[in-house]
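The structure presented is a predicted model; accordingly, all values stated were derived computationally and were not measured.
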Amino acid sequence: MAESGARLVSPSDIARHARVSKALIYKHFGSVEALVDDAIRSRLQLLDAESCAECDANMSTSERVSGAASKLYQVIQSQPELINLVGWSMGNPHSEAQNVAATIKVYCENLAKRIDAGAEAATLFMGVFAALIFDQQNRAAEPERDESLAKTSRRRSTK
């Protein structure tokens, strides 16, 4: 999905990437929307298992928020597929992408509630997702930037 940009992802795209038949996708999920929904929910369930593990009721709100944000960053960082999926959804006008973005927002709001924090904490958790997407996109662009700098340097040295 991250490779498709803003265009709608087709069942053929997914089947080709997963190396399975389209029939298997429809048999198992029923639709692309259901597959995307299942993918994001299963990834977020993995986050749930770890993101609040270190939160203690005796901690202050700011300590709980900071601890949860730090743990969320660590756990999401180990899931590049989730970063790709969320990155694909940001600003994408298609319904599947909007559903992913809405699911992430609800996840962040629920995480804030679980640690007895407010809307500001949910916004911070959304920022954690955004920071990881930015980092991943930046790392992906580095080889292109390095090659461009090398070409510029070679041109200058031949003049």
Inset, instruction - Could you walk me through whether Phe125 and Ile115 pass the side chain to side chain contact (heavy atoms under 4.5 Å, CB included) test, one step at a time? - result: CA-CA 12 Å; Phe125 300 148; Ile115 62 169; 3.8 Å; yes

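- Distance check, rounded to the nearest 0.5 Å: CD1 of Ile14 to CZ of Arg19 gives 15.5 Å.
- Under the 4.5 Å side-chain heavy-atom criterion for grouping Ile, Leu, Val, Met, Phe, Trp and Tyr, Tyr26 is not connected to Phe29 through any hydrophobic cluster.
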Inset, instruction - Could you give me the CA-CA distance, side-chain angles and deciding distance for Ile40 and Leu82, then say whether side chain to side chain contact (heavy atoms under 4.5 Å, CB included) is met? - result: CA-CA 7 Å; Ile40 194 69; Leu82 179 60; 3.4 Å; yes

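- When every heavy atom of Met59 is checked against every heavy atom of Arg64, the shortest pair comes out as O-NH1, 2.6 Å.
- To the nearest 0.5 Å, atom OG of residue Ser78 and atom CD1 of residue Ile83 are 8.0 Å apart.
- The OG1 atom of Thr123 lies 8.5 Å from the NZ atom of Lys105; values are rounded to the nearest 0.5 Å.
- Atoms CG and CG, on Leu111 and Leu124 in that order, are 9.5 Å from each other to the nearest 0.5 Å.
- Taking all atoms of both residues into account, the shortest heavy-atom contact from Ala122 to Ala112 is N-CB, 3.8 Å.
- One distance of note links CD1 of Ile133 with CG of Leu85; it measures 9.5 Å at 0.5 Å rounding.
- Within the 3.5 Å criterion, the main-chain N or O of Ser62 finds no donor-acceptor partner in the side chain of Ser66.
- Here Glu120 pairs with nothing under the salt bridge (charged side-chain N to carboxylate O under 4.0 Å, His left out) rule; sequence neighbours left out.
- Val86 and Phe134 sit in two unconnected hydrophobic clusters of ILVMFWY residues. Membership requires side-chain heavy atoms under 4.5 Å apart, directly or through other members.
- When the salt bridge (charged side-chain N to carboxylate O under 4.0 Å, His left out) test is applied to Lys113, no partner is found at least two apart in sequence or on another chain.
- A search for salt bridge (charged side-chain N to carboxylate O under 4.0 Å, His left out) contacts involving Asp37 returns Arg41, not counting sequence neighbours.
- Heavy atoms only, all atoms of each residue included: Ser21 and Ala15 are closest at C-CB, 3.9 Å.
- The two atoms that bring Ser12 and Lys22 nearest to each other are OG-CD, 3.2 Å, heavy atoms only.
- Atoms CG and OG1, from Leu44 and Thr103 in turn, are 7.5 Å apart once rounded to the nearest 0.5 Å.
- Follow the hydrophobic side-chain contacts under 4.5 Å out from Leu35 and you reach Leu24 in the same cluster.
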